[in-house]
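Heads up: the structure comes next, in structure tokens.
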Amino acid sequence: QVQLVESGGGLVQPGGSLRLSCAASGSIFSIGAMTWYRQAPGNERELVARITSGGGTNYADSVKGRFTISRDNGKNTVYLQMNILKPEDTALYYCNVLVKESVQGPPMVYWGKGTLVTVSS
């Protein structure tokens, strides 16, 4: 089995910064894409940022220029550096990881439990 542990959420002032981390552990042969999603009350869950196994990235238009996704393959960890935070960034942030548990096994999707980011004065 695979477990995801998220950390780094908290309360921050508008214009401030936070860095989220998501570490995968367990039965891991390789990791594919790693993605951050977020969901605020009353809203649909939305993709925030994605990084592929090769390092390619995608960002939601609302966070381009402010957020940076990165990964450390040696630590099976994905990060989300969030700068110039706005109140509308307030949400529960979820880590999503594509994992192969064996060389020929299919990619399996795993979700973290979420870490809360609150941007407020």
Side-chain angles (χ1 to χ4, degrees):
Q1 71 271 36
V2 174
Q3 299 81 39
L4 304 182
V5 178
E6 299 148 313
S7 63
L11 174 64
V12 66
Q13 303 284 290
S17 297
L18 284 174
R19 190 192 195 204
L20 306 184
S21 299
C22 173
S25 62
S27 301
I28 299 171
F29 174 76
S30 65
I31 296 179
M34 306 179 84
T35 308
W36 287 99
Y37 290 82
R38 68 185 181 189
Q39 188 168 24
N43 292 359
E44 299 294 324
R45 185 171 298 191
E46 64 172 338
L47 186 149
V48 179
R50 172 170 289 158
I51 184 165
T52 68
S53 60
T57 58
N58 302 101
Y59 296 93
D61 288 342
S62 59
V63 308
K64 284 180 181 175
R66 300 187 297 122
F67 290 12
T68 303
I69 190 169
S70 62
R71 63 194 287 164
D72 184 334
N73 292 327
K75 296 180 179 179
N76 293 330
T77 299
V78 61
Y79 305 96
L80 186 66
Q81 179 66 49
M82 305 184 293
N83 298 324
I84 321 175
L85 282 160
K86 305 174 180 180
E88 48 263 48
D89 295 318
T90 296
L92 195 61
Y93 284 70
Y94 296 92
C95 180
N96 174 284
V97 178
L98 213 59
V99 178
K100 290 185 68 177
E101 299 180 21
S102 63
V103 62
Q104 300 287 60
M108 303 292 290
V109 177
Y110 291 90
W111 287 91
K113 63 193 178 301
T115 184
L116 182 62
V117 172
T118 303
V119 185
S120 176
S121 299

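The basis for the numbers below is simple: all heavy atoms, side chains too, and nothing from hydrogens, waters or symmetry mates.
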Legend entry - disulfide (SG to SG under 2.5 Å) contacts touching residues 44-121 (sequence neighbours left out): C22-C95

Legend entry - Residues in side chain to side chain contact (heavy atoms under 4.5 Å, CB included) contact with L18, at least two apart in sequence or another chain: V12, M82, L85, V117

Legend entry - Straight-line distance of Q13 CD to S120 OG, nearest 0.5 Å: 7.0 Å

Legend entry - Residues in ring-ring contact (aromatic ring centres under 6.0 Å, His included) contact with Y37, at least two apart in sequence or another chain: W111

Inset, instruction - Sorted by first residue and then second, give each disulfide (SG to SG under 2.5 Å) pair with at least one member in residues 24-82; sequence neighbours left out. - result: none

Inset, instruction - Grab the two heavy atoms, one from V97 and one from M34, that are nearest each other, plus how far apart they are. - result: CG2-CE, 3.9 Å

Inset, instruction - Any chance you could measure Y110, atom OH, to L4, atom CG, to the nearest 0.5 Å? - result: 9.0 Å

Inset, instruction - Provide the closest heavy-atom pair for Y59 versus A49 in the form atom of the first, atom of the second, distance. - result: CD2-CB, 3.6 Å

Inset, instruction - Indicate, with yes or no, if F29 and V78 share a hydrophobic cluster defined by side-chain heavy-atom contacts under 4.5 Å among Ile, Leu, Val, Met, Phe, Trp and Tyr. - result: no

Legend entry - hydrophobic_cluster_shared for V99 and Y94, side chain cutoff 4.5 Å: no

Inset, instruction - Give the minimum heavy-atom separation between N83 and S17, together with the two atoms involved. - result: OD1-OG, 2.8 Å

Legend entry - Where A40 and A91 come nearest, the two heavy atoms and their spacing: N-CB, 3.9 Å

Legend entry - Q39 (side chain) donor-acceptor with E46 (main chain) under 3.5 angstrom: no

Side chains of residues 65-75: which donor-acceptor pairs under 3.5 Å do they make with residues two or more places apart or in other chains?
| unit_1 | atom_1 | unit_2 | atom_2 | d |
| --- | --- | --- | --- | --- |
| R66 | NH1 | I84 | O | 2.9 |
| R66 | NH1 | D89 | OD2 | 2.7 |
| R66 | NH2 | S62 | O | 2.8 |
| R66 | NH2 | D89 | OD1 | 3.1 |
| R66 | NH2 | D89 | OD2 | 3.4 |
| R71 | NE | N73 | OD1 | 2.8 |
| R71 | NH1 | G32 | O | 2.8 |
| R71 | NH1 | I51 | O | 3.4 |
| R71 | NH1 | T52 | O | 2.9 |
| R71 | NH2 | I31 | O | 3.3 |
| R71 | NH2 | G32 | O | 3.0 |
| R71 | NH2 | N73 | OD1 | 3.3 |
| D72 | OD1 | G74 | N | 3.1 |
| D72 | OD1 | K75 | N | 3.3 |

Legend entry - Donor-acceptor contact present, side-chain E6 to main-chain K113, <3.5 Å: yes

Legend entry - Fellow cluster residues of V5, listed by chain then number, with links counted only when side-chain atoms sit under 4.5 Å apart: none

Inset, instruction - Please report the closest heavy-atom contact between L92 and G114, naming both atoms and the distance. - result: CD1-C, 3.9 Å

Inset, instruction - Could you tell me whether the side chain of S27 and the main chain of V2 form a donor-acceptor pair under 3.5 Å? - result: no

